[in-house]
Structure formats: C-alpha cells, structure tokens
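Here is the structure we will look at, set down as structure tokens.
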Amino acid sequence: MLNKLEAIKKRWEDVEQQLSDPKVISDMKLFTKLNRQYKELGVIVNAYHDYKKVVENLESAKLVLMNEKDEEFRTWAKSETEELTGRKEKMETDIRNLLVPKDPEDNKNAIMEIRAGTGGDEASIFAGDLYRMYSKYCLDKGLKTELVDCSEGTAGGFKEVIFNVTGDGAYGILKFESGVHRVQRVPQTEQQGRVHTSAATVVVLPEADEVDVKINPADLEFQTARSGGAGGQNVNKVETKVQLTHKPSGIVVTCQVERSQHGNRERAMQMLRTKLYEIELQKHLDGISKRRKTMVSTGDRSAKIRTYNYPQGRITDHRIGLTNYNLQAFMNGDIQQMIDALQLAENAERLREGGVLA
C-alpha cells in the first residue's frame with residue numbers, strides 16, 4: 001500500500017506543477033480537469049502522511065518492546081503498540097476506500113427525468129410517487145431540487161417530470177437510480193381489488209458544464225410559445241416557453257418554469273448540453289460494463305432495476321438482490337440504506353478494477 005500511496009503523491013506533485021504552467025492555465029478545460037484531480041489526490045496524500053506517521057511510530061514502539069528491559073517502558077510500548085495497530089488498521093480501511101477509482105462525474109449536479117411507462121394512469125401516478133420520494137430524500141440530504149418541465153397525468157401524477165438536483169455530489173449519490181422502476185399494487189381505479197403491474201423510467205444525468213460541451217449556435221433552432229399551467233400574470237399572455245432543437249442530433253428540449261424567455265432559454269441550453277454530454281457518457285459506461293462481472297450504474301434505461309410490491313410491503317433491487325420491507329418509509333424518502341448498498345457494490349467493483357482488491 002505504501003508504494004501505491006507514494007506513486008499517488010508523485011502524481012499529485014506532478015499535477016501541482018502543471019497547474020502553474022501558463023499553457024495549462026490558458027486551456028480552461030484542461031485546467032478545470034487538473035484542478036479537480038489535484039483536490040481529489042490531495043485528500044489521499046493527506047491521509048498518506050497521517051498513515052506514514054502512524055506506521056513509523058508503530059515501528060518505534062515495537063523496537064522499544066523488543067529491546068527495552070525497563071518494565072515501565074515496556075508497559076508503555078505495549079499499550080502504544082496496541083493503540084497504533086488499531087489506528088493503522090482503521091486507516092488502511094479508510095485509505096482503501098479513498099483508492100477506489102473515482103468517477104469524474106460524481107461531484108456534479110444532476111438532472112433527473114421520470115417518465116410514466118406501461119400501466120396507463122397508474123404509471124403516471126407512480127411516476128408522481130417517485131418524484132415525491134426523491135424530493136423528500138433530497139430535502140433530508142440538503143440537496144436542492146428545482147422543477148424544469150413536467151406533463152401531468154390525467155388521473156394525477158406525471159406523464160413526465162424533469163428536475164435539477166444541486167448540491168455536493170448530487171450525481172454520485174443518485175446515479176444508481178437510473179433504470180425501470182416497477183410497481184405492483186391495486187390501482188385507485190381498480191374496482192375488483194386486483195393487483196396490477198405498472199412501471200416508470202428514471203434517468204439520472206450529470207449536469208454538463210460549458211467546458212464539457214461546445215454548441216455551435218448555427219446548429220440550433222429556437223422556438224417560443226405561451227406557457228401553460230399555474231403561474232403569474234404572464235402565463236398564456238407572453239411567449240416565455242422555449243423549445244430548442246439541435247439539428248445535427250435531432251434532440252429537442254423545452255423549458256417553461258422561468259417567468260422570462262431569457263431564463264427559460266438559459267435552462268434549455270443547460271438541458272441540451274447535458275443531453276449531448278449523455279451521448280458520450282453512455283459510450284464510457286458501455287465500455288465499463290463490458291469489463292465488469294456486475295454493473296450497478298449501467299445507465300441502461302430499459303433495464304428493470306427495482307420492484308415496489310405494495311401487498312407485501314417490500315422493495316427489491318434486482319441488481320444486488322437486496323430486499324427491504326419498509327415500503328412506506330421508503331416512499332417517504334428513506335432510501336439511504338438502498339443507496340449505500342448500491343454504492344458498496346459499485347465500490348467493490350472499482351476496487352477490483354483498480355487492483356486494490358483481488
């Protein structure tokens with residue numbers, strides 16, 4: 001481990017030198033990437049310095065225990081050896097976790113999209129339930145959610161809802177939620193009490209920065225319309241709703257949550273950058289999935305990842321085979337245990353990938 005940590009320290013020092021290079025400073029994309037890497041490596045380097053001191057002090061205490069004849073010194077050395085051994089083992093566990101190869105997207109804000117799938121009105125209601133679940137979870141975690149666009153279901157819930165999640169590590173926390181969520185329950189409209197199966201699709205994307213994606217203004221088609229839904233005086237009077245079409249890719253995004261056309265256009269541009277960034281990110285995820293035996297965060301929208309069974313009060317995540325029987329609390333935002341288990345499974349794969357685990 002010390003050899004691996006020493007190599008990381010040298011890489012950290014190399015990055016530190018590069019950050020003072022005028023050529024690097026003038027390249028904003030490279031500078032941002034290296035600066036992020038410098039901060040991440042710095043956390044490991046600080047842990048390495050602390051670990052090295054503990055190892056050196058432990059060796060000194062062991063030497064005293066081997067060579068000292070004075071019982072008072074030997075008692076002290078024995079106590080010190082036991083304490084330092086415990087600290088060393090804990091630090092090794094912490095450092096192994098730090099050595100997990102980091103996903104560079106994890107620290108970014110997230111954009112979440114929830115869409116009703118099979119199941120008609122019940123699927124829209126379930127999509128609304130998922131939106132409330134994530135909203136409550138984010139509130140408890142200190143993450144800020146902001147509605148971007150939505151299409152309400154005829155019987156409640158949403159046919160589609162898109163919202164931003166901002167805060168430290170938002171994407172890294174929520175990225176495992178991408179996939180098909182299936183619900184088994186008696187719909188409100190069911191007269192005979194039969195259990196139906198419906199589904200909703202969740203997509204979690206890392207918010208793309210301007211340095212990540214460059215868009216040629218000539219490739220954009222810009223349209224406006226009057227906003228719909230509840231709002232202020234401008235609703236249905238002023239054309240504040242924005243629709244952007246990226247002609248090369250055919251991607252279309254709309255935004256109507258801001259009161260001004262300018263505000264909606266800025267949000268729509270952010271959404272478009274994220275959509276274009278997703279295309280490259282998916283290639284990266286596909287490459288990783290081919291290398292791993294198990295893959296938690298595939299980003300595959302068609303993969304059935306979780307079942308919510310109301311008659312039995314259980315939630316099952318099919319990727320890691322974990323079942324909980326706290327459905328009511330789960331739907332009220334108590335999903336941290338599931339996220340922790342998914343992160344643990346993903347980290348185990350990353351540790352093997354990085355050669356930290358066999």
TODO: Starting at CD1 of I114, measure out to OH of Y134 and round the result to the nearest 0.5 Å.
DONE: 6.5 Å
Task: Flag if over 12 foreign heavy atoms under 6.0 Å of NZ, K9 - done: yes
Open item on the list: Check this for me: K144, atom NZ, are more than 12 non-hydrogen atoms of other residues, nucleotides or ligands nearer than 6.0 Å?
Closed with: no
- [ ] Indicate, with yes or no, if Y325 and I315 share a hydrophobic cluster defined by side-chain heavy-atom contacts under 4.5 Å among Ile, Leu, Val, Met, Phe, Trp and Tyr.
- [x] no
- [ ] Enter the distance from N109:CG to L174:CG here, rounded to the nearest 0.5 Å.
- [x] 11.0 Å
Task: N324 side chain vs T316 backbone, donor-acceptor pair below 3.5 Å - done: no
Open item on the list: Go through it in stages, so that I can follow the logic: the residues are V202 and E113, the test is side chain to side chain contact (heavy atoms under 4.5 Å, CB included), and I'd like the CA-CA distance, side-chain angles, deciding distance and then a yes or no.
Closed with: CA-CA 6 Å; V202 176; E113 303 174 0; over 6 Å; no
Open item on the list: Test of understanding: clusters of I, L, V, M, F, W, Y form through side-chain heavy atoms closer than 4.5 Å, transitively. Do V183 and V195 belong to the same one?
Closed with: no
Task: Shortest non-hydrogen contact from A47 toward M91 - done: O-CE, 4.2 Å
- [ ] State yes or no: do I173 and L344 share one hydrophobic cluster built from I, L, V, M, F, W and Y residues joined by side-chain heavy-atom distances below 4.5 Å, directly or via other members?
- [x] no
Open item on the list: side chain to side chain contact (heavy atoms under 4.5 Å, CB included), that's the test. Do I339 and E177 meet it? Break it down for me.
Closed with: CA-CA 8 Å; I339 287 177; E177 297 304 298; 4.1 Å; yes
TODO: Compute whether any side-chain donor of one residue and acceptor of the other, for E207 and Y171, lie under 3.5 angstrom apart.
DONE: no
- [ ] Mind running side chain to side chain contact (heavy atoms under 4.5 Å, CB included) on K241 and N264 for me, showing each step along the way?
- [x] CA-CA 7 Å; K241 182 178 179 179; N264 281 322; 5.6 Å; no
Task: Under 3.5 Å: donor-acceptor pair, side chain of N326, backbone of A329 - done: no
Open item on the list: I need the Q336 CD to Y137 OH distance, nearest 0.5 Å.
Closed with: 3.5 Å
Task: Cluster overlap M338 with M331, hydrophobic side-chain contacts below 4.5 Å - done: yes
Task: Side-chain donor-acceptor pair present, Q270, R273, cut-off under 3.5 Å - done: yes
Open item on the list: Under a 3.5 Å distance rule, please check whether R74 uses its side chain to pair with a backbone N or O of L65 as donor and acceptor.
Closed with: yes
Task: Test: E346 and R319 ion pair at under 4.0 Å - done: no
Show the atom names and distances, to 0.1 Å, of all donor-acceptor pairs under 3.5 Å that link a side chain in residues 150-166 to residues at least two apart or in another chain.
unit_1, atom_1, unit_2, atom_2, d
T154, OG1, D121, OD1, 2.9
E160, OE2, R115, NE, 2.6
E160, OE2, R115, NH2, 3.0

- [ ] Return yes if a side-chain donor-acceptor contact under 3.5 Å exists between Y48 and E6, otherwise no.
- [x] yes
TODO: Spell out, yes or no, whether V24 and W12 are grouped together once hydrophobic residues are joined by side-chain heavy atoms under 4.5 Å, including indirect joins.
DONE: yes
Open item on the list: I'd like to know if the side chain of N332 and the backbone of Q328 have a donor-acceptor N/O pair within less than 3.5 Å.
Closed with: yes
Task: Test log, rule side chain to side chain contact (heavy atoms under 4.5 Å, CB included), inputs I44 and E40 - done: CA-CA 7 Å; I44 301 174; E40 290 172 355; over 6 Å; no
TODO: Count the heavy atoms of every other residue, nucleotide or ligand shown that sit under 6.0 Å from CZ of R87, and state whether that count exceeds 12.
DONE: no
- [ ] Considering only NZ, NE, NH1 and NH2 on the basic side and carboxylate oxygens on the acidic side, decide whether R306 and D317 come within less than 4.0 Å.
- [x] yes
TODO: Check the surroundings of atom CZ in R265: do more than 12 heavy atoms from other residues, nucleotides or ligands lie under 6.0 Å from it?
DONE: no
TODO: Using modelled atom types only, decide if a donor and an acceptor are shared between the side chain of S79 and the backbone of W76 within a distance under 3.5 Å.
DONE: no
TODO: Indicate whether any N or O donor in one side chain lies under 3.5 Å from an N or O acceptor in the other, for Q18 and D14.
DONE: yes
Open item on the list: If the threshold is 4.0 Å, N to carboxylate O, is there a salt bridge linking K90 and D94?
Closed with: yes
